[in-house]
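A note on names: the letters A, B, ... follow the listed sequences, proteins ahead of strands, and every chain is numbered from 1.
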Amino acid sequence: MENAEVARVFREVAELLEVGNANPFRVRAYRNAARVLESHPRPVAELAKEGPDALDALPGFGPDLAAKAVEVVRTGTLRMLSELKRQVPEGVAGLMKVPGVGPKRARALSTALGVHDLAGLERAAREGRIREVPGFGEKSEARILRELEALPGGEARVPLATAAQYGESLLAWMTGSGAVTRAEIAGSYRRLRETVGDLDLLVTAADHGTAVERFVSFPAVEEVTARGPTRAAVRLRSGLRMDLRVLDEESFGAGLHYFTGSKPHNIAVRRLGQARGLKVSEYGVFRGRRRVGGRTEEEVFAAVGLPWIPPELREDRGEIEAASTGRLPALVEARDIRGDLQTHTVASDGRDTLRAMAEAAEALGYEYLAVTDHSPAVRVAGGMDAAGFRKQRRAVDRLNGRLRTLTVLAGAEVDIRADGSLDLDDVRVRAAVERGAKVVVSTDAHAAQELGFMRWGVGQARRGWARREDVLNTLPLDELLKRLHRAR
DNA sequence: GCCGTTTTCGGCCCGACTGTTTTCAGTCG
């Protein structure tokens, strides 16, 4: 029983409770519990064995949720869930997949029209029956139809590195024009999540209208979906959505914090503010009507008694507690990296020669570069046999004699499974680091240019709370070699 | 359902937008 499975049961309970008109805070308790389990470094099954106290100690867990988690671990299911499924008409929760339809409207539609799935909802909309339901009108009916048509395509999240291509050209587009004085992309992009749903661009500008105008004329824009005096939204030809918000200088830090999220992190910060009689919003920190901060993120955090927290940690996974007790980790930085330990050359499926890779790595200021071409198992990647590796090793020795500051290490990428697939479901840096394991951040570069992917790897390490000392390739060469020999 | 340097009961983050209302509920981020 994995944590994710228990979390899924709790999420399903939350959904059914919500559509069943339960206390929204009770619903939130289940969602929160699911989120805590998903990001908890220890297996819930292990905690369950230790007894109820271990689970009760999890944030947001009380006796009830702890007992329910134990029940799911032991029986694979939850009696409460089966009970809820009997009470709530089948399929009603599924109606909430339509944007604009929440629990109340899903229930209203189900009760009034007897629809229990999206197909039934679409039929009712086409027959003009939705506008007859109290609280709905022609516009709601039209929107539901529109959203239903857009659903299957659904804007999927895109990989961070892909989003970065748009993000960086967007920033260049905005700042290069002189239309804005300051521009930053917030959201999960700034938290360096592996995937990004949309890009939230925040700017300050002398003239708001000019900034909005510049934004909607970004070359990759296909459709302008909203456009007001201080905000706009567009969809790019690739399907990626981008939002713009024009902020005042005095509230830029509050806006940046708010739109960087994550949502659970923001909620936790606001609760801290509330306890101090402060109101924290995207416009600033207020005591009554008086603004007490918001120009910078530091001001926002300081107002609630915290040091600045790096965006990569803002997931409400313990960073608030760590910050308040002065135990935030000094996170690894891209500049701490002294070498790349997994790369390829033309000897297998890389695109540059050993020498070109070495020179590019030296130009990046690295002390070492490990070339790790494929073993014979990976035939499609031109895997080398033992003789090939011996030959490459001699080439590495010759090259090291000529290089000035870089040392090339000879290695190999050996597949674990015959089909090459990963049998792990998750990037688990934090669990590794908490148990004292060291990690290595590498790019698997197959071309000189791809050595630049290092920053994405560092981002994932930071999201796992990795400090410099947790990452082996922040070590100077001699220490790295010592560690490797010791491990052997 | 959880939680407590105001509380063991009565709270629980905040604001914008939309559409349906005639002062506001529902939804979203």
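Side chain A:Asn32 to base B:dG1: no donor-acceptor pair is found below 3.5 Å. The base of B:dG1 has none of its N or O atoms less than 3.5 Å from a complementary donor or acceptor on the side chain of A:Tyr30.
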Table please: side-chain donor-acceptor pairs of residues 275-284 of chain A below 3.5 Å, with sequence neighbours left out.
residue	atom	partner	partner atom	Å
A:Ser281	OG	A:Tyr283	N	3.0

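Legend: residues meeting salt bridge (Lys or Arg N to Asp or Glu O under 4.0 Å) with A:Arg231, ordered by chain and number and at least two apart, are absent.
As a whole-Å value, the separation of A:Arg143 CZ from B:dT20 C1' is 14 Å. We find that CD1 of A:Ile267 is positioned 13 Å from C1' of B:dG15, with the value rounded to whole Å. Going from atom CG of A:Leu244 over to atom C1' of B:dA16 covers 16 Å, rounded to whole Å. In this structure, the CD atom of A:Glu282 is 6 Å from the P atom of B:dA16, given to the nearest Å. Distance CZ (A:Phe25) to P (B:dG10): 15 Å, rounded to an integer number of Å.
The aromatic rings of A:Phe301 and A:His257 stand perpendicular to each other, their planes meeting at an angle above 60°, with 30° marking the opposite boundary.
With a cut-off of 3.5 Å on both pairing distances, B:dT8 has no Watson-Crick or G-U wobble partner at all.
For residues 110-136 of chain A, proximity to DNA chain B is found at A:Gly135, A:Phe136, defined as any non-hydrogen atom under 4.0 angstrom from a strand atom.
In the model, A:Arg468 has no side-chain atom that pairs as donor or acceptor with a side-chain atom of A:Thr474 under 3.5 Å.
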